[in-house]
There are 2 protein chains.
Amino acid sequence: MSRNVRRKPATLTDVAATVGVAPMTVSRVINGNGYVSEETREKVLEAVKKMNYRRNGLARNLKRQKTETVGLVIGDISNPFSTELANAVRESLSFRGYNLFICISEHSAKEDIAAFDSLVDHNVDGLIVATRSNEEGDERLSEIADSGVPIVVVGRDFKHDSVDAVSADNFNGGFEATQHLIDLGHKRIGFIGAGFENRSRLKRLQGYLAALAKHGLSVDERLITGRKGTSDDVPGYSTESIGYEGMKRLLSLPKRPTAVFARNDFTAVGAISAVKEAGLSIPQDIAVVGFDDTPLALHTMPPLTTVRQPMKIQGQLAAEMLLRRITGEVEPEAEEKILDCELIIRESTVSQV
Amino acid sequence: MSRNVRRKPATLTDVAATVGVAPMTVSRVINGNGYVSEETREKVLEAVKKMNYRRNGLARNLKRQKTETVGLVIGDISNPFSTELANAVRESLSFRGYNLFICISEHSAKEDIAAFDSLVDHNVDGLIVATRSNEEGDERLSEIADSGVPIVVVGRDFKHDSVDAVSADNFNGGFEATQHLIDLGHKRIGFIGAGFENRSRLKRLQGYLAALAKHGLSVDERLITGRKGTSDDVPGYSTESIGYEGMKRLLSLPKRPTAVFARNDFTAVGAISAVKEAGLSIPQDIAVVGFDDTPLALHTMPPLTTVRQPMKIQGQLAAEMLLRRITGEVEPEAEEKILDCELIIRESTVSQV
DNA sequence: TGATATTAAGTTAACGTTAACATCCTCTCC
DNA sequence: GGAGAGGATGTTAACGTTAACTTAATATCA
């Protein structure tokens, strides 16, 4: 009907002027608090409808000094890890009346910072960060924490005296995965997804090394293989190619491993492809263990033995800890929660009877 | 060091007072515009650092009347469809300096509305909506569009004279998938994932029906099966169980189909499980086609023939169309773009030679 | 040498709300 | 019938910024 000119949206004051009342009266109608006569309320609501009035959240939140919104920053969104976390966080928050804004940062410091800033700029009441850590990003995060924004980090290194942390016990998960292979009699066990030089950062690799050590198995650095030449931090699905290449390299060794522990399920999937391509069978020739128990793990051939980390609980915990800080219920020292992982044994390590 | 009391954050005015200049001068330093002497700039920056000053985005955006932020509402976040879309949108936007806030709404009208409202409350400059449509949600979306917020919908019905739409050609995709099966000689072809009664809403089902019609094959309603008793709109992964149950139902028919077209890849995966469980082989006994070409499709046994829809392009287009509306470059009639799908033939329909 | 830029500030008035307080009117109830 | 309670408004002053304008000092040039 009416020409759709992009007119300026009506404000609360406009509505008030139209109805012939004070802005405050309109505000009371909109927010449903304070005394307003039925007659006035109706007139106001009518005008609101007619004028397509929508309240301006910026002004509102500016005045109220809170947004009831939490920001979540995740890296690779296509990783089931992230999506399960996001869902759990959202659910816990919505239960308490908080909204969730999610920002994606594809594993670059620049984008991390952009995401942090844009969320903080919108005055989110708190921040949950689940990206991989990097120096510049962490620096900005520290500043934000310093400025008083409540923060919880998930599955990620970060030290700050007012920032809580939640993570899975990646060390122990890696340990158990490796132990499982050792228990099956394997002596030459490879690790795919990161080079030996990353051992200080990567808990799963540390767990692997610890399990070998505990059982008196020597560490063969040639059996630990990541992507050569570059950083090992790449988005989820693309680690599949790392797994594939890594496995090829392991298979070409003079004495190849009889089992491999892959850094995550995607890597494991890539490794499986390489094994099949070489005409070898799983688990008879090579046993494979993954990590994360993504939906993929059920559908590989054979189904993948993997380590499940409790994403849902991590999300819930993160949300709860953050809300506690936001509402100021407690003002404790930074807290760190580490949650147990669970080994899920499937046919990529043990043939079905 | 200092007790970490949650003090009120410093404002621009606080900084100005500390340095002994006007607030405007501090603003100029922060935003890097206007003239400021090197000496003053340094003093201000020093104070900014010392006081942990962060600008208040609410106030800033309120004054500037824009946020350079776009909101994206998606349903099931664990669906690769959504995540690919989100990534493409984010990339296109960040290229133009816009931020992206993502809200998840798990397929409920209440959550749709909550997501729309929370984004609009934060005065996003525009909205991209990719949830399944529902009556109440659409009503609110109309109101928001009426109030002048630029909106683009993706892969979803919605009619409004200022709302653009992008989608894949689901009808044609469904048609080609079915045609492919017909070309292979199949005459009894099932559809899994929605009941016959949903045909008016579901383009993929319409394509299936059209292909049958074109080749003179009769429609057997018993071969079209969804989840019984409930709505067919469920989150991605859980359609796996629908596929499983649906296939079981089809297999128990007196005269079972020789091929099925599943509404999406998850449904197809469930169907495959049921076929295997029945001791039948794919594609010899039953051929299976999916839809979406999710990463899963490559890893099923056998790999899944499926229809790929160009998610990345849909995301890019949506972002571009929205930005055009936001910047007011054009104020056209609502535009609708429908993008071609591509049939990807794998071994779930054609045995490898 | 005056006229005109340029640089470096400061001042004012919003942006659209709402908390806090003030005002006035109408009932109750002892 | 006067005190007190409650209902229905209005007024004022922020929330923290910045656009637009003003002022004033210094530099530049014909």
Side-chain angles (χ1 to χ4, degrees), chain A residues 7-45 47-48 51-69 117 120-125 147-149, chain B residues 7-45 47-48 51-69 117 120-125 147-149:
Chain A
R7 66 228 172 275
K8 257 175 76 174
T11 71
L12 183 143
T13 311
D14 296 338
V15 175
T18 304
V19 180
V21 296
M24 198 54 221
T25 302
V26 179
S27 171
R28 282 193 264 256
V29 172
I30 301 294
N31 295 294
N33 54 27
Y35 296 110
V36 184
S37 69
E38 195 46 44
E39 196 194 345
T40 308
R41 152 171 281 108
E42 268 164 32
K43 276 196 292 184
V44 168
L45 287 178
V48 161
M51 303 172 76
N52 284 319
Y53 169 73
R54 294 217 100 230
R55 74 173 178 221
N56 183 319
L58 296 185
R60 180 168 203 255
N61 291 330
L62 174 60
K63 180 65 192 178
R64 305 175 77 212
Q65 300 282 71
K66 63 182 168 182
T67 59
E68 266 145 10
T69 299
D117 282 350
V120 174
D121 267 4
H122 279 259
N123 286 33
V124 291
D125 292 342
S147 78
V149 178
Chain B
R7 66 231 172 273
K8 259 175 70 173
T11 72
L12 184 144
T13 311
D14 296 338
V15 175
T18 306
V19 180
V21 295
M24 198 55 221
T25 302
V26 179
S27 171
R28 282 192 265 256
V29 172
I30 300 295
N31 295 294
N33 54 27
Y35 295 110
V36 184
S37 70
E38 195 47 45
E39 196 193 345
T40 309
R41 151 170 282 107
E42 268 165 31
K43 274 196 292 186
V44 167
L45 287 177
V48 162
M51 303 172 75
N52 284 317
Y53 168 73
R54 295 218 101 227
R55 74 173 176 220
N56 182 319
L58 295 185
R60 180 168 203 257
N61 291 330
L62 174 60
K63 180 67 192 174
R64 303 175 77 214
Q65 301 284 71
K66 62 181 171 183
T67 58
E68 266 144 10
T69 299
D117 283 350
V120 175
D121 267 4
H122 279 259
N123 287 33
V124 292
D125 292 341
S147 78
V149 178

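By convention in this document, chain letters (A, B, ...) are assigned in the order of the sequence lines, proteins followed by strands, and residues within each chain are numbered from 1.
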Under 3.5 Å donor-acceptor, Thr67(B) side chain and Asn123(B) backbone: yes
In whole angstroms, the gap separating C1' of dA14(C) from NZ of Lys63(A) amounts to 15 Å
Is the phosphate of dC25(C), meaning OP1 or OP2, less than 4.0 Å from a side-chain N or O of Tyr35(A)? no
NA contact type, Arg28(A), heavy-atom cut-off 4.0 Å: base, sugar-phosphate, or nothing? base
OP1, OP2 of dT9(D) versus side-chain N and O of Thr40(A): anything below 4.0 Å? yes
Hey, could you give me each pair passing salt bridge (Lys or Arg N to Asp or Glu O under 4.0 Å) that has a residue in residues 52-62 of chain B? Not counting sequence neighbours. Asp117(A)-Arg54(B), Asp121(A)-Arg55(B)
Of the non-hydrogen atoms in Asp14(A) and Pro9(A), which two are nearest, and what is the gap between them? OD2-O, 4.2 Å
Please report the shortest heavy-atom distance between Pro23(A) and Leu12(A), naming the atom on each side. O-CD2, 3.2 Å
Let me know the distance between CG of Leu12(A) and C1' of dC15(C), rounded to the nearest Å. 13 Å
Rounded interatomic separation in angstrom, taking CZ from Arg60(B) and C1' from dC15(D): 17 Å
Rounded off to whole Å, could you give me the CG-to-C1' distance for the Asn56(A) and dA14(C) pair? 14 Å
Taking OP1 and OP2 of dT17(D), is either one under 4.0 Å from a side-chain nitrogen or oxygen of Ser27(B)? no
By nearest-nucleotide position on DNA chain D, the 5'-leaning member of Ala10(B) and Val36(A) is Val36(A)
For Thr25(B), report the nucleic acid contact type (base, sugar-phosphate, nothing); a contact means any heavy atom under 4.0 Å. sugar-phosphate
Indicate whether OP1 or OP2 belonging to dG16(C) is found under 4.0 Å from a side-chain N or O atom of Gln65(B). yes
Tell me, do Asn61(A) and His122(A) make a side-chain contact under 4.5 Å, heavy atoms counted? no
When rounded to whole Å, the CD1 to P distance for the pair Ile30(A) and dT17(C) reads 9 Å
Have a look at Asn31(B) and say if it touches a base, only the backbone sugar-phosphate, or nothing, with a 4.0 Å heavy-atom cut-off. sugar-phosphate
NA contact type, Ser37(B), heavy-atom cut-off 4.0 Å: base, sugar-phosphate, or nothing? sugar-phosphate
Could you pick out which residue, Leu62(B) or Pro23(B), lies toward the 5' side of DNA chain C when each is mapped onto its nearest nucleotide? Pro23(B)
Whole-Å gap separating P (dT23(C)) and CE (Met24(A)): 17 Å
Atom CG of Asn33(B) and atom P of dA20(D): how far apart are they, to the nearest Å? 12 Å
Here the distance between atom P of dC15(C) and atom NE2 of His122(B), to the nearest Å, is 22 Å
